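This report concerns only the one structure given below.
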Amino acid sequence: MLERLGIIVTVAFLMTRITYFRHILDRYDVTFTQRLKITLLFGLFGIIGTYTGLAVSPNDHTFNVWTWDLADDEALANSRVIGIVVAGLLGGWRVGTGAGIIAGAHRYALGGYTAFACGISAVIAGMLAGLVHRFVKKKRIVSLPVALGVGALCEAIQMGIILLVANPFDQALALVQMIGMPMILANGVGAMIFILIIRSVLREEERIGAAQTERALRIADRTVSHLRKGLTPESAKATCAILVKEVGAVAVSITDKTRILAFEGKGKDHHPVGSVIQTPATKTVIDTGAIIEAKSQDIACTHPGCPIRAGIIVPLKQEGDTIGTLKFYVSSEKDITPTKRELVKGVSRFLSNQLELARVDELKTLANEAEVKALQAQVSPHFLFNALNTIVSMIRIDPGNARKLLLQLSRYLRQNLTSTKRERATLHDELEHVKAYLTIQEARFQDTLRVTYELDNHALSQTVPPMTLQPLIENAMKHGFEGKKRRDTFELTVSIKAKTDGATRVEIRDNGAGIGEKRLEEVKKQPVESKEGTGLGLYNVNRRLTLMFGQTSELNVESSEGEGTTVFFTI
């Protein structure tokens with residue numbers, strides 16, 4: 001049994017090295033087609049477990065290996081239940097039952113006096129493992145002790161069904177006494193090892209994803225200061241020099257709509273900066289705004305010995321229009337891996353965002369507006385890093401929620417950009433921005449963060465300076481939440497109420513760390529620096545409110561250390 005178990009585990013390990021299997025495994029519960037494929041796959045595992053079993057004759061205590069059919073007085077000691085149990089634990093009762101039916105029907109067709117009992121027990125094993133899946137669905141993947149227990153239990157149930165159903169009973173009893181404990185132990189351990197292998201695959205992919213995220217953020221950090229100056233030959237050259245090292249391309253080039261602005265890497269000698277774009281694929285990207293994977297014939301470089309044989313050409317956009325391209329060149333089409341493809345797409349999106357921000361910077365004319373709008377346009381790298389990590393960790397366990405978080409992050413970033421172009425925003429728009437931010441934070445901190453909204457809907461049409469609520473919420477999270485003991489729940493309340501005199505009161509309450517008495521006197525009068533930030537948040541909001549509405553709308557802060565903080569203003 002241990003020898004046969006080794007065969008099954010080896011097959012499982014080899015299957016996890018196949019890209020198709022990993023793709024199916026990641027998406028087994030998304031669509032009916034994907035569920036059907038994973039069912040067939042694990043049903044096949046069950047059949048392999050049957051064929052690698054040992055034909056047992058309890059009357060003369062003999063074993064036959066690699067049996068393809070059974071005599072009437074023979075039974076089978078096998079590892080069939082491993083594939084069925086894993087199918088149920090990973091895919092739920094539908095996948096488990098389907099795999100059980102496939103493997104069970106095959107076992108029944110082999111014959112033997114335990115054929116019916118083994119066929120029925122295979123289906124029951126799939127259903128039982130699927131029911132266990134319902135209780136562990138919220139976890140990343142089923143734990144190893146659970147897999148061991150379910151595998152052993154399903155095999156024990158099979159032994160019981162053999163005693164109840166198989167005839168003659170004396171022969172069935174002798175069989176169970178002979179193979180019962182070895183099969184219970186081997187199949188329990190086999191299910192556990194199977195889950196362990198799958199966990200190792202997922203962890204490997206998580207490590208790869210984390211490395212890619214780290215690389216993307218490093219690229220973002222190094223290029224942000226250059227492209228924020230706009231798409232110029234100088235900023236393009238500095239950006240290409242960074243990308244050619246970080247992405248591992250043969251060469252990197254940036255163009256505007258007509259000419260090459262920068263080129264770094266191999267082939268630089270015959271791709272002069274300033275020359276007119278000649279690549280048909282580049283012109284297509286500029287015209288359509290679509291991403292193109294260029295092959296050798298698309299590159300159209302006539303220089304002998306040019307090392308460039310393929311590449312990825314992505315658009316650089318500003319306000320929805322393509323203003324140039326970013327081109328990553330490689331020496332072979334095989335070098336365009338899925339990982340590199342996704343990294344390139346992510347980098348291009350970030351660079352386009354930086355060009356958007358560069359456009360925002362051009363619109364800053366007055367010193368007062370420059371100060372305020374620079375604050376509005378900021379996206380905290382710490383928040384962005386944590387948001388991306390949260391979404392990465394959810395992609396496999398809860399893809400639906402990961403998609404919602406991506407939409408919220410997109411909404412948050414879009415609001416940060418558009419707020420710089422407006423003089424006023426409604427409380428409704430401000431609230432939507434805050435909800436996008438807090439939805440991501442709630443996903444990060446889960447049970448330790450509780451957000452409550454107290455709203456008068458007819459008060460949400462009131463206008464305020466853009467980015468008024470966001471700094472107050474972020475201030476509460478950064479100073480109130482992070483200073484609080486993590487074992488306690490952080491409660492944050494956003495209240496927008498209409499008063500009887502026609503005014504609107506906006507209030508942010510939390511039960512966080514609170515503010516000391518001396519510091520409380522300083523926060524509104526001047527920027528108060530801290531380890532977590534520059535101290536501009538409350539000061540800036542208060543100054544804009546009073547400039548727009550007068551002293552009656554100034555920011556009020558009530559707080560006690562360890563008790564929490566309330567920040568409110570009235571319009």
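In this chain, numbering begins with 1 at the start of the sequence shown. Keep in mind that this is a model prediction, so the values were computed, not measured.
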Step-by-step side chain to side chain donor-acceptor pair (under 3.5 Å) determination, Thr493 to Thr452: CA-CA 5 Å; Thr493 301; Thr452 304; 4.5 Å; no
Pairwise side-chain contact, [X] with [Y], heavy-atom cut-off 4.5 Å (strictly under):
| X | Y | answer |
| --- | --- | --- |
| Pro315 | Ile286 | no |
| Ser332 | Arg309 | no |
| Leu231 | Ile254 | yes |
| Lys283 | Gln278 | no |
| Glu430 | Val506 | no |
| Arg450 | Glu442 | no |
| Tyr453 | Ile496 | no |

Atom NZ of Lys435 with >12 non-hydrogen neighbours under 6.0 angstrom: yes
Can you see which heavy atom on [X] is nearest to which on [Y], and at what distance?
| X | Y | answer |
| --- | --- | --- |
| Ala147 | Met192 | CB-CA, 3.9 Å |
| Ala310 | Ile336 | CB-CD1, 4.2 Å |
| Thr39 | Ile102 | O-CD1, 4.0 Å |
| Gly512 | Asp510 | N-OD1, 2.7 Å |
| Leu405 | Ala443 | CD1-CB, 3.5 Å |
| Phe490 | Gly480 | CE1-C, 3.7 Å |

Please confirm whether the backbone N or O of [Y] pairs with a side-chain atom of [X], one donor and one acceptor, at under 3.5 Å?
| X | Y | value |
| --- | --- | --- |
| Gln408 | Thr439 | no |
| His479 | Asn475 | no |
| Thr468 | Val464 | no |
| Ser393 | Thr390 | yes |
| Thr279 | Ala281 | no |
| Arg544 | Pro466 | yes |

side-chain contact (heavy atoms from CB on, under 4.5 Å) evaluation trace for Leu41 with Ile38: CA-CA 5 Å; Leu41 189 60; Ile38 200 70; 4.2 Å; yes
Check ion pair Lys237-Glu264 (N to O, under 4.0 angstrom): no
Sole candidate of Ile291, Ile292, Thr322 that passes side-chain contact (heavy atoms from CB on, under 4.5 Å) when paired with Val314: Ile291
[X] side chain to [Y] side chain, donor-acceptor N/O pair below 3.5 angstrom:
| X | Y | result |
| --- | --- | --- |
| Ser410 | Arg414 | yes |
| Tyr437 | Gln441 | yes |
| Thr325 | Thr255 | yes |

Check against side chain to side chain donor-acceptor pair (under 3.5 Å), Thr426 and Asp429: CA-CA 5 Å; Thr426 65; Asp429 291 337; 3.3 Å; yes
Verdict with reasoning, Leu427 to Ser461, per side-chain contact (heavy atoms from CB on, under 4.5 Å): CA-CA 6 Å; Leu427 284 173; Ser461 59; over 6 Å; no
Aromatic ring pairing Phe194/Phe42, orientation class (parallel under 30°, perpendicular over 60°, tilted between): tilted
